[in-house]
Amino acid sequence: MDSIVLFGPPGAGKGTQAQRITESTGLPQVSTGDMLRAAVGSGTAVGLEAKRYMDAGKLVPDNVIIQLIIERLKKDDAKGGVMFDGFPRTIPQAEALSQIAHVSHVISINVPDAKIVERICGRFTCKTCGFVYHEVFNPPLEIGTCDHCNETDFKKRADDNENTVISRLEAYHNQTSPLAQWYKSKGILCEIDGDRNIEEITQDILEALN
Ligand code: AMP
């Protein structure tokens, strides 16, 4: 079956939207960032290599990422297609993807650079279920308790700080944004204004997918 790609700069809301639309689409979220953080957390060889790049706000080498994706797509839950979040981020990654899965829609969530820093610096997640929040724009309904799983422990990502954001944006503009044109020329790019409230963006994405 078809897969979809959520595309956009860091802090555009890809993870937030993936969590919201996974139920309607039935597609599991495949986030290379989450997979890398899990590898870093468990101290695997991939994690150790990736950490150097992630801490510096740079992209992890393509061969590492492509191998992760190949392994992930072998799992049973990926047989009916997946929702990629944060992958592909380079043309070689997109080329590799085109060999192993069929992508029907690339949803580009557009947010101006000026908004990215405040979005990323206020971001935090539930330690238990990974649900994403923002101190100002998207706090839990009851402060201190996760809306999704009712747990009370939260964490911030190590790379969600002002220094790293600048490098992450640079990597996005130099290495990732050319992919928008690449997918546009294939006729599967849907551009969404990501500088609005979360619900409106979700509605637009679901409409684009229908
Ligand atoms: P994310 O959670 O998507 O913001 O990713 C966090 C960090 O993981 C990025 O800044 C990169 O260092 C690394 N990363 C995640 N996905 C990729 C990818 N597809 N290609 C290269 N590096 C990635």
Side-chain angles (χ1 to χ4, degrees), residues 3-19 22 28-42 44-73 78 82-101 103 106-111 113 115-127 129-134 155-180 182-183 194:
S3 291
I4 64 177
V5 169
L6 292 179
F7 179 82
K14 299 184 293 292
T16 301
Q17 293 299 335
Q19 289 173 341
T22 186
Q29 176 187 6
V30 170
S31 155
T32 39
D34 285 349
M35 291 161 77
L36 292 169
R37 280 184 287 280
V40 171
S42 47
T44 62
V46 166
L48 287 178
E49 184 184 359
K51 188 174 186 309
R52 288 187 291 137
Y53 295 94
M54 295 167 82
D55 287 347
K58 295 192 170 146
L59 293 188
V60 173
D62 287 336
N63 60 328
V64 175
I65 300 291
I66 292 166
Q67 202 49 45
L68 273 183
I69 289 291
I70 289 174
E71 291 307 314
R72 178 65 184 84
L73 294 187
V82 305
M83 181 167 37
F84 293 107
D85 156 13
F87 173 86
R89 261 173 154 103
T90 63
I91 301 273
Q93 289 180 21
E95 278 168 347
L97 176 60
S98 69
Q99 304 293 313
I100 51 177
V103 173
V106 175
I107 306 287
S108 175
I109 307 177
N110 302 332
V111 176
D113 280 9
K115 298 283 173 78
I116 298 286
V117 176
E118 63 173 343
R119 280 195 180 205
I120 285 190
C121 294
R123 178 158 77 175
F124 62 97
T125 58
C126 171
K127 236 181 182 171
C129 73
F131 217 69
V132 185
Y133 295 97
H134 189 280
K155 62 181 178 187
K156 268 188 96 75
R157 277 171 48 171
D159 59 346
D160 277 352
N161 60 67
E162 250 175 86
N163 294 334
T164 314
V165 171
I166 305 300
S167 317
R168 286 160 70 193
L169 268 175
E170 246 174 51
Y172 173 76
H173 288 299
N174 295 334
Q175 293 166 274
T176 307
S177 65
L179 272 178
W182 199 79
Y183 279 121

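Just follow the structure's listing: the first ligand is 1, and inside any ligand the first atom is 1.
Formation of a donor-acceptor pair under 3.5 Å by the Arg119 side chain with backbone atoms of Gly11 is found in this model. Within the 3.5 Å criterion, the main-chain N or O of Pro9 finds no donor-acceptor partner in the side chain of His173. Counting only distance, with no hydrogens or angles, the side chain of Gln93 and the backbone of Arg89 share a donor-acceptor pair below 3.5 Å. Here the side chain of Gln19 pairs a donor or acceptor atom with the backbone of Val132 at under 3.5 angstrom.
Side-chain contact between Pro88 and Val5: present, with at least one pair of heavy atoms (C-beta onward) separated by less than 4.5 Å.
Sorted by first and then second residue, the salt bridge (charged side-chain N to carboxylate O under 4.0 Å, His left out) pairs involving residues 29-42 (not counting sequence neighbours) are Asp34-Arg37.
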Output block, N or O contacts of ligand 1, threshold 3.5 Å exclusive:
{"unit_1": "ligand 1", "atom_1": "2 (O)", "unit_2": "Arg37", "atom_2": "NH1", "d": "2.9"}
{"unit_1": "ligand 1", "atom_1": "2 (O)", "unit_2": "Arg37", "atom_2": "NH2", "d": "3.0"}
{"unit_1": "ligand 1", "atom_1": "2 (O)", "unit_2": "Arg157", "atom_2": "NH1", "d": "3.0"}
{"unit_1": "ligand 1", "atom_1": "2 (O)", "unit_2": "Arg157", "atom_2": "NH2", "d": "3.4"}
{"unit_1": "ligand 1", "atom_1": "3 (O)", "unit_2": "Arg89", "atom_2": "NH1", "d": "3.0"}
{"unit_1": "ligand 1", "atom_1": "3 (O)", "unit_2": "Arg89", "atom_2": "NH2", "d": "3.1"}
{"unit_1": "ligand 1", "atom_1": "4 (O)", "unit_2": "Arg89", "atom_2": "NH2", "d": "3.4"}
{"unit_1": "ligand 1", "atom_1": "4 (O)", "unit_2": "Arg157", "atom_2": "NH2", "d": "3.0"}
{"unit_1": "ligand 1", "atom_1": "12 (O)", "unit_2": "Lys58", "atom_2": "O", "d": "2.6"}
{"unit_1": "ligand 1", "atom_1": "16 (N)", "unit_2": "Thr32", "atom_2": "OG1", "d": "2.8"}
{"unit_1": "ligand 1", "atom_1": "16 (N)", "unit_2": "Arg89", "atom_2": "NH1", "d": "3.0"}
{"unit_1": "ligand 1", "atom_1": "19 (N)", "unit_2": "Thr32", "atom_2": "OG1", "d": "3.4"}
{"unit_1": "ligand 1", "atom_1": "19 (N)", "unit_2": "Gly86", "atom_2": "O", "d": "3.0"}
{"unit_1": "ligand 1", "atom_1": "19 (N)", "unit_2": "Gln93", "atom_2": "OE1", "d": "3.0"}
{"unit_1": "ligand 1", "atom_1": "20 (N)", "unit_2": "Gln93", "atom_2": "NE2", "d": "2.9"}
{"unit_1": "ligand 1", "atom_1": "22 (N)", "unit_2": "Val60", "atom_2": "N", "d": "3.0"}

